[in-house]
Amino acid sequence: MFSVIKATFVRNTIAMYRAYPWSFFLGHILTGVYTVLFAYFTYTYVFKGSLDPRFKIYAGSNDYLSYVILGGALYSFAVSTLMNVSRSLITEYREGTLEGLLISPFSRKGYFIGNVTQQIMRTSLEFIIIVTFGLIFGLDLSKINIFGAILIWVLSIFSFFCQALFLGSIMLYFRDTYISQNTLFFIMSFVSGVTFPVAYLPDWIKPLSYIMPLFPSLTMFRSVVIEGQLISLHINDVIHLLVLSITYLFIGSISIKHMEKRIIEQHY
Amino acid sequence: MLIVNDVSKIYRTKQRLGWFKSEWQENIAVNNLSFKVEPGQIVGLLGINGAGKTTTIKMCSTLLEPSSGTIFVDGMDIVKNDKKVKSIVNMIAGGERMLYWKLTAKENLRYFGSLYGLKEAELDHRITSLLREVGLDIKSNIPVEQFSKGMKQRLQIARGLINNPKYLFLDEPTLGLDASIAKHLRNYVKELAKEKGKAIILTSHYMKEVEELCDEVLIIDKGSLVMQDKPERLTNLFFKENTLKITVSEIPDSLHTKLNNEISQNKGTWQIQSTDDDEYDLIIKSEKDMTNSIVSLLAYHNLRILNIVSEKPSLEDVILLMSERTSA
């Protein structure tokens, strides 16, 4: 399995380097940067720094800029991971390499871990740049619980990876990437508490929040980064995230194998 | 040995009947097919389009599961032991698929080799020798997107051999290639079977390729096996006659009787056709090749022979005939 992880990592890195110029990398960062700038300007010039009194109750902090900047950064990270891992097999199909892959006794785990590892290398750099940029515009890291933040970050990668397997099988089913991923990303950004607490949402939408790993992930990440809280205070969120991850992993692993067969059969 | 035993493949496809209406349709791509391939043997799969050749190859190479029946490779069931079977089979398809265009030839082979779990040292050795064998050693560090069609096809062959498979499935391997490159590939395929003992199944639209390479040919029609034999025996089975066409400047009437006697003795038929250039084509159809006797007869009568064409029936004629019978 390790040789497949390494080979997929190297393959993707080379292909990315040759296929995409620096502008592709910059494009990803700019999305996060725009979120930071949008939050800063609306908070400073539109709302004049005043917040709805319910915000502190719902968010557990009245540091709106840190709230939004971290939300934007982790959302960008989630989107990049989801997008690239879920698209891996449909990209193989479109580029005509899926049969070459499926005819070999390759380790699926190794293949997807190789994809996500390469992805993490790039998106982590993007994440760091967005957070650094956020520091200029009011992100406060003075109370950060660094070990807690790293642990949640690792758990989040695992959960986004599991969700990506599920999304990947949907993409293979519909042979579409654009509508599937953008629909999910739109819903994720709206219901996961990226720019405002989920508590503001009407009750009938809230169930959607609970099936998005980004929601518990963001709740915990903000608490340990902004307030410096211990993870032990968020055991329910950890369990929530793990249950979602395992559910997506289970459904995704089965469905993606099923979809591989389906796509080969439909292509006869 | 590869043993295909009573295998069928049924595809279920959804047919749209309107905006909100659709129904499932079943399409039998392969129907109770059975055959065997031994090491060192090249077996051709022939048939008109939609005969089920590619589906058969995909099932043998583990890409598709049979709907019924069994396929055993070296005694292993391809469904139950798919990982083990995958490690000893490979497929080479025509066209420019199955390669990463952004990677170089070497990087492609390294990636595919890693999928088979090959160790670094073994992989290095195999990549070097395969690239040399397909003549891409000096282009090994150029991204595939800069390769010509022929170079991509040669790299495909190297990819298909990266795991040193015992069973190789070739689906239109020379599709769209220049004649010289195709010839080179055919020689290489023959070498793989005869000298390296690989069992090869080949599908091709080029009948001459099949005639040249295959020890045995399976003719499939609508998923069912209709014929299985050596290429030359298949043609003999369908076509008893050879056609000999000799162009001469004149044929005196006095020669007609002698020609008639000679050809009748060999149970043949003949006719004379005048051409636009005021020449004559003597067309003889007979079971036995009569080139020598007729040329001798014409030479004895001092006739100037302008051209000789001896036409033997080919596999292509067999397929065309079968196709005509099917559509009739």
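Note that the structure is a prediction, hence the values are computed from the model and not measured. Chain letters run A, B, ... following the sequence lines, proteins first and then strands; every chain starts at 1.
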Could you have a look at Thr8(A), Leu98(A), Val10(A) and say which one has the most heavy-atom pairs with chain B under 4.5 angstrom?
-> Thr8(A)
Side-chain heavy-atom pair Asp171(B), Glu99(A) within 4.5 angstrom cut-off | no
How far apart are the C-alpha atoms of Arg97(B) and Glu95(A), what are their side-chain angles, what is the distance that settles it, and do they pass the salt bridge (charged side-chain N to carboxylate O under 4.0 Å, His left out) test?
-> CA-CA 7 Å; Arg97(B) 297 177 294 138; Glu95(A) 291 182 356; over 6 Å; no
Heavy atoms only, distances under 4.5 angstrom: which of Gly100(A), Gly110(A), Ser104(A) has the most pairs with chain B? Name it, please.
-> Ser104(A)
Is it the case that more than 12 heavy atoms not belonging to Lys198(B) sit under 6.0 Å from its NZ atom?
-> yes
Under 4.5 Å to a heavy atom of chain B? For Glu92(A) that would be side chain
Given the rule in the side-chain contact (heavy atoms from CB on, under 4.5 Å) test, do Leu103(B) and Ile14(A) qualify, once you have shown the distances and angles that lead to the verdict?
-> CA-CA 7 Å; Leu103(B) 305 188; Ile14(A) 295 169; 3.7 Å; yes
Quick one: what part of Glu145(B) sits under 4.5 Å from any heavy atom of chain A, side chain, backbone, both or neither?
-> neither
At their closest point, which heavy atom of Ser114(B) faces which heavy atom of Ser3(A), and how far apart are they?
-> O-OG, 3.5 Å
Under 4.5 Å heavy-atom distance to chain A, tell me which part of Phe112(B) shows up: side chain, backbone, both or neither.
-> side chain
Look at atom OH of Tyr188(B) and say whether more than 12 heavy atoms of other residues, nucleotides or ligands are closer to it than 6.0 Å.
-> yes
Step by step, would you call Val4(A) with Tyr116(B) a side-chain contact (heavy atoms from CB on, under 4.5 Å)?
-> CA-CA 9 Å; Val4(A) 178; Tyr116(B) 287 89; over 6 Å; no
Starting from the C-alpha separation in whole Å, work towards a yes-or-no answer on salt bridge (charged side-chain N to carboxylate O under 4.0 Å, His left out) for Lys261(A) and Glu65(B).
-> CA-CA 9 Å; Lys261(A) 278 185 189 162; Glu65(B) 276 182 24; 2.9 Å; yes
Can you see which heavy atom on Ile103(A) is nearest to which on Lys86(B), and at what distance?
-> O-CG, 3.3 Å
Contact origin within Asn90(B) toward chain A - heavy atom pairs under 4.5 Å | both
Near Trp24(B) CH2, under 6.0 Å, is it more than 12 heavy atoms from other residues, nucleotides or ligands?
-> yes
Does Lys83(B) NZ have over 12 foreign heavy atoms under 6.0 Å away?
-> yes
Which pair of non-hydrogen atoms, one from Arg11(A) and one from Tyr100(B), has the smallest distance, and what is that distance?
-> NH1-OH, 2.8 Å
Apply side-chain contact (heavy atoms from CB on, under 4.5 Å) to the pair Met16(A) and Lys102(B), showing each step before the final yes or no.
-> CA-CA 9 Å; Met16(A) 188 191 74; Lys102(B) 291 286 169 202; over 6 Å; no
Above 12 or not: heavy atoms from other molecules or residues under 6.0 Å from CZ of Phe185(A)?
-> yes
Which bit of Lys9(B) is near chain A, if near means a heavy-atom gap under 4.5 Å: side chain, backbone, both or neither?
-> side chain
Please look at Tyr111(A) and chain B and tell me whether the side chain, the backbone, both or neither of the residue comes under 4.5 angstrom of a heavy atom of that chain.
-> side chain
Please state whether the side chain, the backbone, both or neither of Leu99(B) comes within less than 4.5 Å of a heavy atom of chain A.
-> backbone
